2 protein chains.
Amino acid sequence: MPRQNVLSPFPQSSHVHARCLKVAVGKAEQACRTRGARLTSLRRRVLELVWRSHEPVKAYDILDRLRAERRGAAPPTVYRALDFLREEGFVHKIESLNAYVGCGEPGHLGSGQFLICRHCGEVAEIDDGDIAALIADRARQLGFASERQTIEVDGLCGDCRAAR
Amino acid sequence: MPRQNVLSPFPQSSHVHARCLKVAVGKAEQACRTRGARLTSLRRRVLELVWRSHEPVKAYDILDRLRAERRGAAPPTVYRALDFLREEGFVHKIESLNAYVGCGEPGHLGSGQFLICRHCGEVAEIDDGDIAALIADRARQLGFASERQTIEVDGLCGDCRAAR
DNA sequence: TTGCCAATTGTTATAATATAACATTTGCAA
DNA sequence: TTGCAAATGTTATATTATAACAATTGGCAA
């Protein structure tokens with residue numbers, strides 16, 4: 001059995017997204033209580049905006065929405081909130097897109113692997129221990145000690161393949 | 001035996017880098033002849049600047065050096081040359097660094113896997129078929145068709161681990 | 001309770017990365 | 001040799017991110 005853990009699946013097109021958002025925020029609240037971290041209203045709002053969909057969100061898109069709600073929102077407002085959310089593992093940055101996506105399993109450490117559909121733009125996150133272990137192993141053979149892995153796979157998700 | 005191919009190793013500190021550069025440019029010239037692509041003097045110069053070391057190079061660092069040599073160098077000068085070199089597989093972008101690194105095996109297709117030393121900054125490139133296959137396989141189990149993989153591993157290279 | 005400290009947020013400015021759009025030049029082939 | 005496509009020049013601007021310092025807030029020790 002593969003040590004695979006689907007942290008955020010590609011959702012059914014019919015899924016009720018409000019549920020995803022609510023679950024994610026709830027998990028973040030719980031994690032913050034446990035850790036003694038502060039999920040302020042600003043940070044919570046940015047987390048909600050990241051979770052508006054399963055597509056990665058641009059920092060400046062978040063900023064545009066924040067500006068509509070709070071006077072004085074500026075780039076540092078967003079980037080500082082994102083920094084916090086990333087440190088706590090509630091949000092990941094997709095390096096190949098310069099965009100941010102919610103993490104389905106905030107408690108969970110490690111960076112995961114991202115599947116990015118080039119057609120619908122949605123992202124699924126998995127955490128496959130075999131992949132991580134194989135990469136660490138092959139790096140080790142070259143004397144390299146792996147500490148962090150960035151794995152982003154572009155392609156077509158099942159729905160978009162089927163729709164072709 | 002792993003299907004591992006080291007495209008660019010971490011070099012010995014004693015290595016004669018001029019040789020790396022010469023070999024890389026020679027391979028690019030050969031590949032361009034074969035493919036009917038044009039390695040103009042600008043593109044060749046940018047390739048040389050990317051190959052100044054085994055550390056990824058920033059686009060604007062390349063631009064600064066170009067400006068010292070040619071009047072009128074501007075961001076598009078560099079980005080267009082990098083686009084060409086990337087399309088031909090002579091250069092890769094390290095997404096997590098927004099920087100560019102030479103490819104040791106230009107003929108070779110596929111995106112490879114990058115080992116990035118957080119201490120010395122140098123990068124090695126491998127192309128491990130087992131890693132690529134495992135990722136494609138696990139994605140496939142979720143209905144996802146992998147087309148391109150971005151794999152960047154941060155850690156410590158052998159020399160830097162030893163020096164600690 | 002008060003006043004202090006650290007964390008958070010506000011504010012202004014700027015740095016760093018990248019592309020758009022159009023003009024000019026170059027190299028090659030009909 | 002001229003005409004076209006590719007390459008490069010040129011100017012402007014878009015996008016992504018951080019620096020630096022000020023103001024505010026929230027908890028907690030005296």
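If you're wondering where the values come from, they're calculated on a predicted model, not measured in any experiment. Residue numbers begin at 1 in each chain, while the letters A, B, ... track the order of the sequences.
Side-chain atoms of B/Asp154 and B/Arg118, non-hydrogen and from C-beta on, never get closer than 4.5 Å to each other. Looking at heavy atoms from C-beta onward, B/Glu122 lies out of side-chain contact with B/Cys160 at the 4.5 angstrom threshold.
Look at CG on B/Leu97: it is 18 Å from P on D/dT16, rounded to the nearest Å. The separation between B/Asp64 atom CG and C/dT17 atom C1' is 13 Å, rounded to whole Å. To the nearest angstrom, P of D/dT18 lies 18 Å from CZ of A/Phe84. Straight-line distance from the CG atom of B/Leu82 to the C1' atom of D/dA7: 15 Å, rounded to whole Å. For the pair A/Leu39 CG and C/dT9 C1', the interatomic distance rounds to 15 Å; values are reported in whole Å. Between the CG atom of A/Asp83 and the P atom of D/dA19 there is a distance of 10 Å, given to the nearest Å. One interatomic measurement links the two molecules: CG of A/Leu42 to P of C/dT8, which rounds to 11 Å at whole-angstrom precision. For the pair A/Lys93 NZ and C/dT17 C1', the interatomic distance rounds to 11 Å; values are reported in whole Å.
Under 4.0 angstrom from either OP1 or OP2 of D/dA17 there lies at least one side-chain N or O belonging to A/Tyr79. Close to C/dT17, at under 4.0 Å from its OP1 or OP2, lies a side-chain N or O of B/Lys58. Phosphate proximity of D/dT10 to B/Arg71: present, with a side-chain N or O under 4.0 Å from OP1 or OP2. For B/Asn98, a side-chain nitrogen or oxygen approaches OP1 or OP2 of C/dA18 to under 4.0 Å.
Along DNA chain C, the nucleotide nearest to A/Ser41 and the one nearest to A/Ala74 differ in position, and the one closer to the 5' end is contacted by A/Ser41. For the pair A/Pro75 and A/Arg38, both in contact range of DNA chain D, the more 5′-proximal nearest nucleotide belongs to A/Pro75. The 5' end of DNA chain D is approached more closely, in terms of each residue's nearest nucleotide, by B/Ala37 than by the other of B/Ala37 and A/Ala99.
Checking C/dG10, C/dT8, D/dT10 against every side-chain atom of B/Thr77, the shortest atom distance belongs to D/dT10. Listed candidates were D/dT16, C/dT11, D/dT10. Nearest to the side chain of A/Tyr60 is D/dT16. Distances from the side chain of B/Thr40 to the nucleotides D/dA7, C/dT9, D/dT10 place D/dA7 closest. Out of C/dT8, D/dT18, C/dT17, the shortest distance to the side chain of A/Arg43 is found at C/dT8. Taking the side chain of A/Pro76 as heavy atoms from C-beta on, and the options D/dT18, C/dT9, D/dA7, the nearest nucleotide is D/dT18.
Counting only N and O atoms by type, the side chains of B/Thr150 and B/Glu95 include no donor and acceptor under 3.5 Å apart.
Between A/Glu105 and A/Lys27 a salt bridge is recorded (basic side-chain N to carboxylate O distance below 4.0 Å).
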Residues B/Phe114, B/His92; criterion ring-ring contact (aromatic ring centres under 6.0 Å, His included); working and verdict: CA-CA 10 Å; B/Phe114 300 93; B/His92 293 293; 5.2 Å; yes

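Below 30°, between 30° and 60°, or above 60°: for A/Phe10 and B/Phe144 the angle between ring planes is below 30°, a parallel geometry.
No hydrogens or angles were tested; on distance alone, a donor-acceptor pair under 3.5 Å links the side chain of B/Arg80 to the base of D/dG9.
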